[in-house]
Amino acid sequence: TARIFEPEPVRTRLAARDARRAAVARVQPLVSRLLAEHDSAEAVLAAMAREIGLDEFDRKVAHQLALGAALERELK
């Protein structure tokens with residue numbers, strides 16, 4: 001039997017998951033718009049850096065979404 005130790009309590013992990021889901025819902029429209037407007041991931045990230053309405057956590061999630069979408073675009 002293998003046991004996996006999680007250093008954070010379940011309550012903390014669930015709160016973090018819910019916070020990320022909420023952030024994805026907030027920034028997905030922005031990321032989709034920027035991906036449609038720009039040709040490269042670098043241009044999308046540069047445009048995202050100019051966005052003033054994002055807090056640090058939302059910006060991090062937006063970067064993750066943009067880079068994931070750019071990678072999918074390159075692999076097609």
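Along the sequence shown, residues are numbered consecutively beginning with 1.
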Handout entry: Where Ala66 and Leu35 come nearest, the two heavy atoms and their spacing
Key = O-CD2, 4.3 Å

Problem - Close side-chain approach of Val44 and Val31, heavy atoms under 4.5 Å - result: no

Practice task
Kindly say whether Ser40 contributes a backbone atom to a donor-acceptor pair with the side chain of Arg73 at under 3.5 angstrom?
Solution key: no

Problem - Side chain proximity check, Leu71 to Leu67, heavy atoms < 4.5 angstrom - result: no

Problem - Approximate separation, where rounding is to 0.5 Å, of Leu34 CG and Leu65 CG - result: 11.5 Å

Table please: side-chain donor-acceptor pairs of residues 6-16 below 3.5 Å, with sequence neighbours left out.
| from | atom 1 | to | atom 2 | distance (Å) |
| --- | --- | --- | --- | --- |
| Arg13 | NH1 | Glu8 | O | 2.6 |

Completion exercise
Smallest heavy-atom separation, Phe57 atom then Ala19 atom, equals CE2-O, 3.6 Å

Handout entry: Over 12 foreign heavy atoms within 6.0 Å of CD1, Ile52
Key = no

Handout entry: Other residues, nucleotides, ligands: >12 heavy atoms within 6.0 Å of Asp55 CG
Key = yes

Handout entry: Summary of side-chain hydrogen bond (donor to acceptor under 3.5 Å, both in side chains) pairs that have at least one residue in residues 57-68, sequence neighbours excluded
Key = Arg20-Gln64, Arg26-Asp58

Problem - With sequence neighbours excluded, residues passing side-chain contact (heavy atoms from CB on, under 4.5 Å) with Ala70 - result: Ala41

Practice task
To the nearest 0.5 Å, tell me how far His38 NE2 sits from Met48 CE.
Solution key: 9.0 Å

